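What follows is one structure encoded as structure tokens, with my remarks underneath.
Since the structure is predicted, the reported quantities are computational estimates derived from the model, not experimental observations.
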Amino acid sequence: MVTGLVALLTLAACSSEQGSGSPDQSAPTPSGEPTDPTGEWWRPDTVTTWQWQLDGELDTGYDVDVYDVDLLDTDASTIDALHDDGRRVVCYFSAGSLESFRDDAGEIDDEALGHVLDDFPDERWVDVRDDSVRDRAVERIRLAADKGCDGVEPDNVDAYDNDSGFDLTAEDQADFNRFLAEEAHARGLAVGLKNDLVQIPDLVDVFDFAVNEQCHEFDECDALAPFTDGGKPVFNAEYAPGLLDDADAVCADARERSLRTLLLPVELDGAFRISCDDR
């Protein structure tokens, strides 16, 4: 989902000197299964470069450290090929909404379905307190581990701050977001916090990176400083045509803030790409 709140050192193919992440955290125990046997996961840093494409035929030709791709639409062979090229792979999935076009859409109980997302008629908010919602999230995280993803990007983790159809509190949301991080780490996966700017101070310690949309457009980049101050990358995407026309200014600001900023089509279909790392 594309939102804007108004109110991954060259990839370490296996070298810790190149930002592959210090595997020095013990993984928590996930729901209903043993902890990851290594108790470790990859962690990117603030100079890790990235490409984000969720739709269309995947262009694997960019010389970046990390590819962020759709979990359900990307097969394990593609992920293996990216690894063979020296890339890490982050896998996107929606944790906080039901997408009617997904094969697992029926796994969420009817009573946990809320309002339709603005601008996304095929998606409905879900109640993050509901067991069926959490069970589906765990299944998707398990799938990411099975496919060989290095990390996950759970989307739509700010229902409490939207017209979800549920009386969700900030703590309800933070509890769900911590749950996602713990379940990912337990399976040896890095995890990113998607948007949810207001809760960054409370959640930055349990997430390994941030994925942000449109902080330049909406003048919200200051809120992401806890990640970069902590040596954790912020992968930022901008879509506004006006920013495309003034990419040098956007990129100067991104460099000053140590943000990994890309100017991309809102469809995230690979139609074009301007990287501030190349300017």
Does the pair Arg88 and Tyr67 meet the rule for a side-chain contact (heavy atoms from CB on, under 4.5 Å), with working shown?
CA-CA 6 Å; Arg88 296 282 189 174; Tyr67 265 78; over 6 Å; no
Is it true that, when you exclude Glu111 itself, more than 12 heavy atoms of the residues, nucleotides or ligands shown sit nearer than 6.0 Å to its CD?
yes
Closest heavy-atom contact between Phe101 and Asp122?
CD2-CB, 3.9 Å
is_close_aromatic(Trp41, His185), centroid dist under 6.0 Å
yes
Going by an N to O cut-off under 4.0 Å, is there a salt bridge joining Asp130 and Arg134?
no
So, Lys232 and Asp208, do they make that salt bridge, N to O below 4.0 Å?
no
Side chain of Asp65, backbone of Thr49: donor and acceptor closer than 3.5 Å?
yes
Restricting to non-hydrogen atoms, name the atom on Ser97 and the atom on Asn156 that form the minimum distance, rounded to 0.1 Å.
OG-ND2, 3.2 Å
Relative to Phe176, does Arg129 satisfy both conditions: NZ or CZ under 6.0 angstrom from the six-membered ring centre, and within 45 degrees of the ring's axis?
no
Please lay out, stage by stage, how Leu71 and Val152 fare under the test side-chain contact (heavy atoms from CB on, under 4.5 Å).
CA-CA 8 Å; Leu71 168 63; Val152 289; 5.8 Å; no
Nearest 0.5 Å, what's the CG-CG distance between Asp269 and Asp55?
6.0 Å
Quick one: CD on Gln199 to CG on Asp158, what's the gap to the nearest 0.5 Å?
8.5 Å
Non-hydrogen side-chain atoms of Leu193 and Asp196 separated by less than 4.5 Å
yes
Ion pair present between Asp248 and Arg279, side-chain N to carboxylate O less than 4.0 angstrom?
yes
Mutual orientation of the aromatic rings belonging to Phe235 and Trp50 [parallel < 30°, tilted 30-60°, perpendicular > 60°]:
tilted
Rounded to the nearest 0.5 Å, how far does OH of Tyr239 lie from CG of Leu244?
11.5 Å
Would you say the side-chain atoms of Asn162 and His115 include a donor-acceptor pair closer than 3.5 Å?
no
Tell me, do Glu182 and Val206 make a side-chain contact under 4.5 Å, heavy atoms counted?
no
Do Glu153 and Val211 have side-chain heavy atoms sitting under 4.5 Å apart?
yes
Are the charged groups of Asp229 and Arg257 less than 4.0 angstrom apart, N to O?
no
Check against salt bridge (charged side-chain N to carboxylate O under 4.0 Å, His left out), Glu183 and Arg187:
CA-CA 7 Å; Glu183 294 291 334; Arg187 291 166 179 81; 2.7 Å; yes
Taking the basic N atoms (NZ, or NE/NH1/NH2) and the acidic carboxylate oxygens, is any pair closer than 4.0 Å for Glu107 and Arg136?
no
Go through the steps for Arg260 and Asp277 under the test salt bridge (charged side-chain N to carboxylate O under 4.0 Å, His left out), then give the verdict.
CA-CA 7 Å; Arg260 305 272 64 84; Asp277 294 309; 2.8 Å; yes
Ala95 versus Val157, closest heavy-atom pair with distance:
CB-CG1, 4.5 Å
Mind running side-chain hydrogen bond (donor to acceptor under 3.5 Å, both in side chains) on Ser77 and Asp75 for me, showing each step along the way?
CA-CA 5 Å; Ser77 63; Asp75 57 35; 2.7 Å; yes
Can you confirm whether Asp84 is buried at CG, in the sense that more than 12 heavy atoms of other residues, nucleotides or ligands lie under 6.0 Å from that atom?
yes
Euclidean distance, Ser100 OG relative to Glu123 CD, rounded to 0.5 Å
8.5 Å
Cluster question for you: counting only ILVMFWY and a side-chain heavy-atom cut-off of under 4.5 Å, with indirect links fine, are Val204 and Leu197 together?
yes
Should Phe179 and Ile200 be counted in the same cluster of Ile, Leu, Val, Met, Phe, Trp and Tyr side chains packed under 4.5 Å apart?
yes
Assess whether side-chain hydrogen bond (donor to acceptor under 3.5 Å, both in side chains) is satisfied between Asn236 and Glu238, documenting all intermediate values.
CA-CA 7 Å; Asn236 162 244; Glu238 299 291 334; 3.0 Å; yes
Flag side-chain contact, heavy atom, 4.5 Å: Val69 against Tyr92:
no
Atom pair OG1/CD of Thr60 and Glu57 - distance to nearest 0.5 Å:
9.0 Å
Would you please test Asp73 and Arg102 for salt bridge (charged side-chain N to carboxylate O under 4.0 Å, His left out) and show each step?
CA-CA 10 Å; Asp73 289 345; Arg102 301 293 194 179; 3.5 Å; yes
Ala210 and Leu224: which non-hydrogen atoms are nearest, and at how many Å?
CB-CD2, 4.2 Å
Between Leu243 and Trp52, is there shared hydrophobic-cluster membership here, with clusters defined by ILVMFWY side-chain heavy atoms closer than 4.5 Å?
no
Determine, stepwise, if the pair Asp135 / Ser132 fulfils side-chain hydrogen bond (donor to acceptor under 3.5 Å, both in side chains).
CA-CA 5 Å; Asp135 289 346; Ser132 68; over 6 Å; no
Would you mind telling me which of Asp70, Asp103, Asp104, Asp146 makes a salt bridge (Lys or Arg N to Asp or Glu O under 4.0 Å) with Arg140?
Asp104
Please check if the number of heavy atoms outside Asp219 that lie under 6.0 Å from its CG is greater than 12.
no
Would you indicate whether the side-chain heavy atoms of Thr46 and Phe227 approach each other to under 4.5 Å?
no
Let's go through Val90 and Asp150 carefully: what are the C-alpha distance in whole Å and the side-chain angles of both, what is the deciding distance for side-chain contact (heavy atoms from CB on, under 4.5 Å) to 0.1 Å, and is it a yes or a no?
CA-CA 6 Å; Val90 168; Asp150 299 286; 5.8 Å; no
Between Asp127 and Phe166, what is the shortest heavy-atom contact and its length?
N-CE1, 3.4 Å
Does atom CG (Asp131) have a neighbourhood of more than 12 heavy atoms from anything else shown, all under 6.0 Å?
no
Would you sort out whether Asp278 and Arg273 count as a side-chain contact (heavy atoms from CB on, under 4.5 Å), showing the intermediate values?
CA-CA 11 Å; Asp278 298 334; Arg273 176 182 188 267; 4.0 Å; yes
Can you give me the closest heavy-atom contact between Phe209 and Pro44, atom names plus distance?
CD2-CG, 4.0 Å
Would you please say whether a donor-acceptor pair under 3.5 Å links the side chains of Glu213 and Asn195?
yes
pair Leu263-Cys276: side-chain heavy atoms closer than 4.5 Å:
yes
Does the side chain of Val66 reach to within under 4.5 Å of the side chain of Arg87, using non-hydrogen atoms?
no
What distance separates Leu203 CG from Gln173 CD, expressed to the nearest 0.5 Å?
9.0 Å
Transitively linked via ILVMFWY side-chain contacts under 4.5 Å: Val128 with Val116?
no
Please tell me whether Phe93 and Phe207 are part of a single hydrophobic cluster in this structure, the criterion being side-chain heavy atoms less than 4.5 Å apart.
yes
If we only count heavy atoms from C-beta on, is the Ile79 to Cys149 side-chain gap below 4.5 Å?
yes
Would a distance-only check, ignoring hydrogens and angles, find a side-chain to backbone donor-acceptor pair under 3.5 Å from Lys147 to Thr74?
yes
